Amino acid sequence: MMQKEFMLGNEAIARAAAEAGVKVVAGYPGTPATEIVDLCGGYPGVYAEWSTNEKHAFEVATAASLTNQRAMAVMKHNGTNAATDFLMHVNFTGIRAGLVLITADDPGGLSSQCEEDTRILVHSYAHLPMFDPSSVQEAYAMTKAAFELSEKTELVFALRPVMRINHAGGMVQMGEIVPQNRPAGFIIDRKRFVMSAVVEKESGGELRPKMRHRWLNNKQDELKALMEDSPFNWLEKAAGETGFIGCGIGYAFLKEAERIHGVKLPVLKLSTLPLPEGKVIDFIRGLKKVVVFEEVEPVVEKLIKQLCFEHKIVLEVLGRSGYLPQEGELSANLVLTAVEAALAGQPYPAPAQGQYVSARTRTQCPGCSHRGLLFALKEVVGKNGGIVTGDIGCHDAGTFEPMKLQATIYCMGSSIPMAHGIKKAGFDKPVYALIGDSTFFHNGLTGLASAIYNGGDITVVIAYNSTTAMTGFQPHPGSPNNLNQPMTPIEPGAVAAAMGAKVFRCNPYNVEETIQVISEATAEKGVKVVVAQALCYLNFGREGKLSYTPRTVAVDESVCNGCGLCVRTFGCPAISLNGNKAVIEPGSCNGCGVCVSVCKKGAIK
């Protein structure tokens with residue numbers, strides 16, 4: 001029985017997976033895809049887990065597929081990078097039960113270190129099929145179709161929603177969840193699932209990787225035929241010699257621009273890779289110009305140019321390769337501007353220089369233990385002239401105003417190898433790597449092992465707050481629970497000690513202790529690890545679990561000299577300046593008391 005319900009994109013994807021009979025869902029938290037795993041775990045009969053990183057999640061899901069159970073791996077674009085090694089093997093082996101990869105992109109880098117287009121990795125590079133949804137309803141429909149087609153083709157099918165789909169809301173017409181009691185069975189097939197450079201007698205002595213590559217290449221014609229008949233691609237004919245192609249969310253913006261423009265346009269909706277080449281040829285014949293709207297690289301634009309060359313079609317193809325802005329996300333205004341310019345035979349107008357509007361400083365919550373840690377580390381570094389390499393997490397706000405502490409932030413786990421590299425390059429002052437506990441388990445372990453193995457001399461500071469706070473408090477191996485049940489946490493310091501690091505511990509709510517411990521660790525030779533352990537206030541405080549004793553703090557105006565250290569360096573959102581005096585807002589203050597140690601004049605009591 002069909003029913004309609006208002007859903008966010010991530011809710012629609014999770015619902016569709018449940019209806020499709022998914023059994024195993026694995027992922028690693030990353031905006032904009034995070035909620036999908038949590039939501040899947042709420043459906044009866046679905047096993048969901050937060051894996052330590054995206055590669056492991058993809059491997060868990062693939063293993064479930066090989067055991068005859070439908071599965072789904074969930075990650076954002078940065079995570080797909082981390083999983084690429086496995087991606088470039090599972091494309092050669094194929095799968096058994098339906099396996100869907102959710103690789104959510106973040107055009108514009110709204111909540112990411114970078115913007116990128118995973119269509120290049122998954123389709124152009126790995127030659128796997130992809131769906132690019134244009135709406136929440138379509139994300140739902142594509143997810144269900146992806147499971148069916150994955151099983152039919154024996155290939156991983158990928159869904160590439162962008163931020164504006166994952167977090168959009170809309171009415172979704174959905175079906176029922178019917179239990180699928182598939183028997184779990186693993187059929188050993190070493191010639192297929194053992195990827196190794198061995199000679200295959202049946203293939204005339206060819207090496208197995210070459211044979212499996214041919215298998216993947218031969219699948220492309222089957223995929224093209226499927227996409228030609230896909231309900232997710234269609235033509236909308238209209239008068240005119242200029243056509244417009246909308247890919248995924250680009251189609252939604254294009255239709256909005258068409259409505260505002262007030263004239264029906266020749267439109268081709270493309271939401272699959274491979275492209276439906278027949279539909280593309282039918283659309284472009286007779287046109288003099290087309291504009292392609294896609295996020296964020298000119299993937300489809302280049303494919304259409306290739307088709308024009310192969311079919312000897314003379315056509316001006318415009319898009320992300322130079323006509324439209326080459327970076328940043330699409331918007332209704334951008335698409336409308338491009339439509340009007342193209343119809344007028346004009347270039348896309350150069351964007352006017354924007355006017356900077358002061359924004360709220362990115363920071364941690366009031367009462368966050370990271371603020372005390374950042375302040376303490378800055379105090380130490382300020383005296384010894386050291387460098388701090390940063391990592392991904394709530395603590396990365398320490399690189400911005402007012403702390404301005406970390407000198408580098410790249411990707412998950414990069415802080416430790418970069419600190420090691422700076423020191424090995426001859427930097428003669430202390431070097432620190434600041435990394436969170438979830439990131440430490442994600443991709444910090446191998447960097448730490450490498451630094452120890454190669455005789456490093458760095459201080460690694462692990463901000464251990466027992467949760468993946470930045471993406472919504474998902475658990476990790478150092479948490480007291482996983483997605484399903486209570487667990488005994490794996491303590492980062494114990495792991496570091498087993499590797500051979502010298503381990504120090506502190507409570508970052510105690511600034512004096514933290515400064516002393518970091519200083520003691522700095523004085524030691526070799527790889528040292530400081531475990532700064534305190535529960536995330538925002539998460540565990542709801543349960544009454546705190547790593548400090550709450551206290552009422554206030555400013556003694558008779559002592560305060562208005563130096564602004566508590567605001568301009570410490571940066572707690574509960575503290576502001578009123579004239580030349582500091583003021584603590586009682587409604588925002590969580591009573592951690594760290595500011596008492598920060599004030600040099602002793603005005604905060």
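What you see is a predicted model, and the numbers here were worked out from it, not measured in a lab. Residue numbers start at 1 and run along the sequence shown.
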Task: Arg212 and Glu200 ion-paired at < 4.0 Å - done: no

Open item on the list: Check this for me, if you would: do Arg192 and Glu154 make a salt bridge, where the nitrogen-to-carboxylate-oxygen distance has to be below 4.0 angstrom?
Closed with: yes

Task: Side-chain donor/acceptor of Asp105 to backbone N/O of Thr118, under 3.5 Å - done: yes

TODO: Return the orientation label for the His213 and Phe92 ring planes: parallel under 30°, perpendicular over 60°, tilted otherwise.
DONE: parallel

Task: Ring center gap for Phe232 and Phe131 short of 6.0 angstrom - done: yes

TODO: Please check if the side chain of Arg96 supplies one atom and the backbone of Ile187 the other of a donor-acceptor pair under 3.5 Å.
DONE: yes

Open item on the list: Would you say that Pro475 contacts Thr468 through its side chain, given a criterion of any heavy-atom pair below 4.5 Å between the two side chains?
Closed with: no

Task: Glu202/Lys191 salt bridge by N-O under 4.0 Å criterion - done: yes

Task: Pairs touching residues 445-454 that satisfy salt bridge (Lys or Arg N to Asp or Glu O under 4.0 Å), sequence neighbours left out - done: none

Task: Electrostatic pair Lys201:Glu206 at N-O distance under 4.0 angstrom - done: no

Open item on the list: Exactly one of Glu295, Glu301, Glu294, Glu297 should register a salt bridge (charged side-chain N to carboxylate O under 4.0 Å, His left out) with Arg320. Which one does?
Closed with: Glu295

Open item on the list: Looking at Glu59 and Lys55, is there a salt bridge between them, counting it only when a charged N and a carboxylate O are closer than 4.0 Å?
Closed with: yes

Task: Flag, side chain of Gln69 to backbone of Arg182, donor-acceptor distance under 3.5 Å - done: yes

Task: Neighbour count >12 (heavy atoms, 6.0 Å) for atom CZ, Arg15 - done: yes

- [ ] Please step through ring pair (Phe, Tyr, Trp, His ring centres under 6.0 Å) for the pair Phe283 and Trp234, ending with a clear verdict.
- [x] CA-CA 10 Å; Phe283 178 72; Trp234 63 74; over 10 Å; no

TODO: Count the heavy atoms of every other residue, nucleotide or ligand shown that sit under 6.0 Å from OH of Tyr43, and state whether that count exceeds 12.
DONE: yes

